[in-house]
Each structure stands twice: as C-alpha cells, then as structure tokens.
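Heads up, the thing below is written out as structure tokens.
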Amino acid sequence: MSEPILLYGIGATKAGTSWLYRTLADRDDSAFPAIKELHYWDTGDTAAAQDQCATLQGRLRRLQALREEAQRERRGWQVANVDRQLVDVVALQDVLRGSRQGHDAYCAYLKTRASEAQITGDITPAYALLPSETLQEMLSVSSRARMLYVMRDPLERLWSAIRMQAHRQLAEGQTV
C-alpha cells in the first residue's frame, strides 16, 4: 500500500477542528493518534517543548487515574481505550524531547498504526499562527502532505467560546 496522506488540520479556536478529528479518527481507513493536538510544529524551541511535555505529563496522570477507576469498575473497553492513549502520550513526549532533524521521529510517530491506512494526521488549530516557512517545512515531510484550514463564522465561534467558558466555570450540577 502507498504512503498514507498526511493531513494537517489547522484553523481558529472553536472552528470545528475537534469535529474534524473525531470524524477522521473514527474512519476505518485512517490512523490518527489518540491525541488530537500534537503541538509538534509550534514547539520547536526547548522551552515550548518542555511546556508541552509538562502538559502531557498532567494528561498522563489523569489517564492513569482514569485507567485505575475503569479497572476497578471492570470496564475493559475503557481500559483498552485509555491504554492506547497512554502509549500515545508517552510516545509523543519522546518525539517532543528528541531530535527534530529531518522530523523522522515525528513522521514515524504518525505512521505507527498507519500501515493499512489511507490517511493519518495532526489536527492542531494553533498551527494556523505559524509562519509560512514553517508551513512549507510541514508540507515537505511527505509528498502526500496536505493542509486543511477549518473556518467558521466569527460570531458563531465567539458564542461557542463563550458557552464553553461558561460551562467550564459552572459549579458541579449547574446547567447553562
């Protein structure tokens, strides 16, 4: 089988990139990482990579706690799902801490499960803020690399962001 398409999903916050990720990740012919926002291309300097690894370390702790709870509750399907996420978080940390020469580790990470897939990718909205030179470098890692910029009506994005923030600030049990 030929090399899978490498899709970069970029766009503004609340533009629909989570929907894009879920839709593509659920397809039988795709192999997306268990992590939506990889932040590889916007963490090129050491400090940014360390910050992202610290964020991933927090996610790792939450996943480990979730796995323990799922095991206690005998939810095998959830344990398997969390195990996949744990493996991806650890592997992504290794990629972010490793050499970026040629971006080989990053490409290998994306293609880990892509042997039979037609598409893999990295859906990170923040890439929309990268300079054009970095966007060109992203495309250069694969002859089948493509970019999809997700857009949404600005007022709809604003209201979506407001609803999300209000939901995050609600006390447990409250509704919007």
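Basis for what follows: all heavy atoms, side chains included, without hydrogens, waters or symmetry-related copies. Everything numeric here is computed off the predicted structure, so don't read it as measured data. If you read the sequence from its start, that first residue is 1, and numbering goes on from there.
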Point to revise | Of R67, E69, R75, the residue whose pairing with Q71 passes side chain to side chain contact (heavy atoms under 4.5 Å, CB included) | key: R67
Check your understanding: Restricting to pairs with a member in residues 45-79, which pass ring pair (Phe, Tyr, Trp, His ring centres under 6.0 Å), not counting sequence neighbours?
Key -> none
Point to revise | Nearest non-hydrogen partners of H39 and L96, listed with the distance | key: O-CD2, 4.0 Å
Check your understanding: If you look at every heavy atom in A117 and S30, which pair is closest and at what distance?
Key -> CB-C, 3.8 Å
Point to revise | With sequence neighbours excluded, residues passing side chain to side chain donor-acceptor pair (under 3.5 Å) with K14 | key: none
Practice item. Kindly say whether L110 contributes a backbone atom to a donor-acceptor pair with the side chain of T120 at under 3.5 angstrom? Key: yes
Exercise for review: Please list, chain by chain and in numerical order, all residues satisfying side-chain contact (heavy atoms from CB on, under 4.5 Å) with L130, sequence neighbours excluded.
Suggested key: W41, D42, Y127, T134, L135, M138
Review point. With no hydrogens and no angle check, is any side-chain donor or acceptor of Q93 less than 3.5 Å from a backbone partner on C53?
Key: yes
Practice item. Find out whether Y109 and I35 are in side-chain contact, i.e. whether some heavy atom of one side chain is under 4.5 Å from a heavy atom of the other. Key: yes
Revision key, fill the gap. Heavy atoms of Y21 and P33 approach each other most closely as OH-O, 2.5 Å
Point to revise | Any R100 side-chain heavy atom under 4.5 Å of T43 side chain | key: yes
**Study point:** Validation row: I162, L158 side chains within 4.5 angstrom (heavy atoms)
**Key:** yes
Study note, to complete from the structure: Residues at least two apart in sequence or cross-chain that pass side chain to side chain donor-acceptor pair (under 3.5 Å) with E68, listed by chain then number, are none
Review point. How far apart are the C-alpha atoms of R163 and S160, what are their side-chain angles, what is the distance that settles it, and do they pass the side chain to side chain contact (heavy atoms under 4.5 Å, CB included) test?
Key: CA-CA 5 Å; R163 286 190 301 271; S160 180; 3.9 Å; yes
Review point. Under 3.5 Å, is there a donor-acceptor pair between the side chain of R144 and the main chain of E3?
Key: yes
Check your understanding: Taking all atoms of both residues into account, what is the closest heavy-atom pair of A128 and Y149, and its distance?
Key -> CB-CE1, 3.5 Å
Study note, to complete from the structure: Scanning both residues in full, the closest heavy-atom pair of I123 with P125 reads O-CD, 3.9 Å
Practice item. State which residues pass side chain to side chain donor-acceptor pair (under 3.5 Å) with T23; sequence neighbours excluded, sorted by chain then number. Key: W19
**Study point:** Side chain proximity check, L86 to V82, heavy atoms < 4.5 angstrom
**Key:** yes
Revision key, fill the gap. Contacts of T124 meeting side chain to side chain donor-acceptor pair (under 3.5 Å) (sequence neighbours excluded), chain-then-number -> D122
**Study point:** Side chain to side chain, H167 and M164, heavy atoms closer than 4.5 Å
**Key:** no
Check your understanding: Can you get from V95 to L6 by hopping between Ile, Leu, Val, Met, Phe, Trp and Tyr side chains that sit under 4.5 Å apart?
Key -> yes
Check your understanding: L63 and Q85: which non-hydrogen atoms are nearest, and at how many Å?
Key -> CD2-OE1, 3.4 Å
**Study point:** Main-chain N/O of G11 paired with R152 side-chain donor or acceptor, under 3.5 Å
**Key:** no
Exercise for review: Measure the shortest side-chain to side-chain distance between E37 and S18 over non-hydrogen atoms and say whether it is less than 4.5 angstrom.
Suggested key: no
Exercise for review: Check whether more than 12 heavy atoms from other residues, nucleotides or ligands sit under 6.0 Å from atom CE of M151, and answer yes or no.
Suggested key: no
